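Quick notes on the structure that follows.
Only a predicted model underlies this, so the values are computations on that prediction, with no experimental measurement involved. Numbers restart at 1 for each chain; the letters A, B, ... are given by sequence-line order, proteins then strands.
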Amino acid sequence: MIDMSDVYDKINDLTKRRGFVWPTSECYGAVAGFIDYGPLGSMMKRRIEDVWRSFYVIQEGYYEIECPTIGQESIFIASGHVKGFSDKMFQCPHCKEYLRADHVVEGGGIAGASTMSEEQLSAALAPITCPACEEVIGTVEVFPFNLMFQTTIGPGSQRSGYLRPETAQGMFTDFQRLLRFYRDKLPFGAVQIGKSYRNEISPRQGMIRLREFTQAEAEIFVHPDEKDHPRFARYAGYEVPLFGQTQQQENSAPLVMTMREAVDTGIIANEYVAYYLALTHQLLVRIGVKPDRLRFRQHLPDELAHYAEDCWDAEVRSDRFGWVETVGIADRTDYDLRAHEKQSGQSFTVFIQYETPKRVQRRRVVADMGALGPKYRGKAKDIADALATTVPGPDGITVTVGSEQFFVPKDLYKIIEEEVDLPGEEVRPHVIEPSYGIDRMCYAVLEQSYDEEIVDGEERRVLRLPPLVAPVQVAVFPLMNRDGLDSIAEQLTHTLHEHHILAEYDDSGAIGRRYRRQDEIGTPFCITVDYDTREDQTVTIRDRDSMAQVRVPVDRVPGIISDLIEGKRSFSTICP
RNA sequence: GCAUCGAUGGUCUAGAGGUAUGACUUAGGCCUUCCAAGCCUAUAGCCCGGGUUCGAUUCCCGGUCGAUGCACCA
């Protein structure tokens, strides 16, 4: 009935007009890839983040941390972003087009381009024709384009720093502190909501692809051999549409199945990943994503990061952009902790006690320091340490210390065979990472909430936002701004504020106009003070979606509105 | 980043080498006893920089932003 084909344009228009999202620093000309959240957008975004917190922090018990958005170079050397987050590019000398060197080389029929050096790529490109202008490329320089914003820390040192391309690294670099905080037990998790930065080459698509964006990420550290979620029962029967590798390859529809089935049949790698798929589904639906516009797509083997065991994207279908990746849920194994261990030289393991100590046979090489000392002098200690980690030969042991080799005859050490009780072992946890793009969630919610209908021959624009995320929670109107109705309405507004409800008072213009104003920004309920209020202390509550009204005593309003916002009851169950 | 097209009050829009039309919105007032009613009044605009010109919002060049395609990215 209503043409929704250019919903994106309508959303863009509405969000600009009504203060949800603005182009940034417009007075100097906006910059692509950056946006400002206006008053209502900031409020809505905050509410969405708070729903996220209610799941991850309150329900799951993973506390939130807050790390700097600028990180020193070592972090991103370890994470692989310094090296791996850059594309090797070149500029076609003829048409000035910037192109991915490896893609063009592969397109030219040469295999293995992804592992080539810049020089090799440059050489390989020379005889290939440019896919943009079809000229033979010829001599060209291949250069790395890193998606990270680089900066320097401090005035003199010129120490290199980067704006973080994801919030995740903070949870990894704080691993040992977090482990202690959670009293040395697995599993535990920490989350972070904050800004991340990627210097996209050509961002478009409004809120979908930004150079500065908000992520909400959880890093859950689990025992590598225990990927059964302790509270899996919560979501075992929860059904989710799964667009697995097989369905994608066979071009078939997503399978709807319970998480129990998905894990048992091996479609999802383990209970942890399945658990957060289901949780994500529940979360996205709660903020206003329609279930029929939501699916979980598994990464195909060639797009799966080499270290990841399994990865699923929650995709939300947009009228304008198709299926948009909005959340990524990955089992990253111990890749990140291992990388930081290597880069920092620190330990990123957890000591796990066995239930009963393990009795093991152990053979130790113990040096006779009384003999080694006089013989090797200053090097005796190093030699003894080296002995401890070697396997003895029949007559002695040859050890390497520094660049020197020493043959240590067998009478200078003793071999001790012993049985010892091992109380436990050092384990490097695996990481389960649900990573949410908050801006994309905001856009999805706006797009899917947008509706138009004809009421009495007039178009009504309404954002059918869930009350939980609507920026303004309730509006209060006096039917007439006189006869004392206005002061009663103002008083009610104050009372609502005292109940921590964001209520907006409006007495300007006809009552119908005021309803429509609130409809357009998604305010779920409007309260009207009329002449009856003066007689019997009742007001009407009007529901945004049905436009229906019920009359209730004014002193019950705060309680009813709170219940409606929190979803403890629905509008249709309100009785006078 | 390349190519094409575009940019006029908050929004939509008319327009011409001589500072701009109309509607909606917003604000104030009148009116109005529940869904953008009516009347009066007001606020508010030619994307930025340079060039041509007596004069440029209009023509030219460059930039910014946006749309589309390519490329890139997720």
Starting from the 5' end of RNA chain B, give me the residue, Ala30(A) or Asp13(A), whose nearest nucleotide shows up first.
Asp13(A)
Rounded distance in Å - CZ (Arg209(A)) to P (A71(B)):
13 Å
Regarding Asp519(A) and Arg542(A), does a basic nitrogen lie under 4.0 Å from an acidic carboxylate oxygen?
yes
Of Asp313(A) and Gln205(A), whose closest RNA chain B nucleotide lies nearer the 5' terminus?
Gln205(A)
Which nucleotide wins on minimum distance to the side chain of Ser202(A), given the candidates A67(B), A71(B), U32(B)?
A71(B)
What integer number of Å spans the C1' atoms of U33(B) and C46(B)?
45 Å
Between P of U33(B) and CZ of Arg514(A), the distance in whole Å:
13 Å
Rounded to the Å, how far apart are Gln298(A) CD and A74(B) P?
19 Å
Applying a 3.5 Å limit to both distances, which nucleotide forms a Watson-Crick or G-U wobble pair with C59(B)?
G51(B)
Could you tell me whether the side chain of Tyr28(A) has a donor or acceptor atom within less than 3.5 Å of a complementary atom in the base of C48(B)?
no
Within this structure, what is the CD1-to-C1' distance between Ile511(A) and U32(B), rounded to whole angstrom?
11 Å
Mind checking the C1' distance from A16(B) to A74(B)? Whole angstroms is fine.
47 Å
With syn defined as a glycosidic angle within 90° of 0 and anti as everything else, classify U19(B).
syn
Counting only distance, no hydrogens or angles, is the base of C35(B) paired donor-acceptor with the side chain of Arg517(A) under 3.5 Å?
no
Find the distance Lys16(A):NZ to G10(B):P and express it as a whole number of Å.
12 Å
For G38(B), what is the paired nucleotide under Watson-Crick or G-U wobble rules, both distances under 3.5 Å?
C30(B)
Minimum-distance nucleotide to Glu458(A) side chain [options: A74(B), U32(B), A36(B)]:
A36(B)
Could you tell me how far C24(B) sits from G38(B) if I compare only their P atoms? Round to whole Å.
8 Å
Of the nucleotides U33(B), U11(B), A27(B), which has the atom closest to the Tyr531(A) side chain?
U33(B)
For the side chain of Arg198(A), counting heavy atoms from C-beta on, which of A36(B), C35(B), A74(B) is nearest?
A74(B)
Check: Arg482(A) side chain, G29(B) base, donor-acceptor under 3.5 Å
no
Tyr276(A) vs Tyr272(A) aromatic rings, parallel, tilted or perpendicular, using cut-offs 30° and 60°?
parallel
Taking atom P of C34(B) as reference, at what distance in whole Å does atom CG of Asn481(A) sit?
15 Å
In whole Å, what separates the P atom of U58(B) from that of U8(B)?
13 Å
Between Arg293(A) and Asp319(A) (salt bridge meaning N to carboxylate O under 4.0 Å), is one present in this structure?
yes
Would you call Asp530(A)-Arg551(A) a salt bridge at under 4.0 Å N-O?
yes
Between U53(B) and U64(B), how far is it from one P atom to the other, in whole Å?
28 Å
Asp507(A) CG to U33(B) P, straight-line distance once rounded to whole Å
16 Å
In a check of side-chain hydrogen bond (donor to acceptor under 3.5 Å, both in side chains) between Gln192(A) and each of Gln169(A), Arg164(A), Glu217(A), Glu219(A), which one passes?
Arg164(A)
Tyr436(A)/Phe55(A) aromatic ring centres below 6.0 Å:
no
Ion pair present between Glu459(A) and Arg461(A), side-chain N to carboxylate O less than 4.0 angstrom?
yes
Picking from C65(B), A67(B), A27(B), which would you name as closest to the side chain of Ser508(A)?
A27(B)
Is the base of U68(B) touched by the side chain of Arg204(A) through a donor-acceptor pair closer than 3.5 angstrom?
yes
Please state the P separation for the pair A23(B) and A3(B) - nearest whole angstrom.
42 Å
Considering only heavy side-chain atoms of Arg513(A), the closest of U11(B), A36(B), C34(B) is A36(B)
Do Glu458(A) and Arg516(A) meet the salt-bridge criterion of a basic N to acidic O distance under 4.0 Å?
no
Within the structure shown, what part of the strands sits under 4.0 Å from Arg461(A) by heavy-atom distance: base, sugar-phosphate, or nothing?
base
Should U11(B) form a Watson-Crick or G-U wobble pair with both distances under 3.5 Å, which nucleotide is its partner?
A23(B)
Complementary nucleotide of C70(B), counting Watson-Crick and G-U pairs under 3.5 Å
G1(B)
Between U64(B) atom P and Glu26(A) atom CD, what is the distance in whole Å?
17 Å
Base of G9(B), side chain of Arg17(A) - is there a donor-acceptor contact under 3.5 Å?
no
Could you check which nucleotide pairs with A44(B) in any of the strands shown, counting Watson-Crick or G-U wobble with both distances under 3.5 Å?
none
Using a 4.0 Å heavy-atom cut-off, does Val324(A) contact any base of the nucleic acid, only the sugar-phosphate backbone, or nothing at all?
nothing
Do Arg542(A) and C34(B) share a donor-acceptor pair, side chain to base, under 3.5 Å?
no
Between U33(B), C65(B), C34(B), which one does the side chain of Ala32(A) approach most closely?
C65(B)
Under 4.0 Å between a Lys/Arg side-chain N and an Asp/Glu carboxylate O for Arg464(A) and Glu453(A)?
yes
Would you measure the distance from the P atom in A14(B) across to the matching atom in G51(B) and give it in whole Å?
31 Å
Report the nucleotide, chosen from U68(B), C35(B), C72(B), that has the shortest atom-to-atom distance to any side-chain atom of Arg320(A).
U68(B)
Between A56(B) and A20(B), how far apart are the two P atoms, rounded to whole Å?
15 Å
The Watson-Crick or G-U wobble partner of C65(B), with both key distances under 3.5 Å, is G6(B)
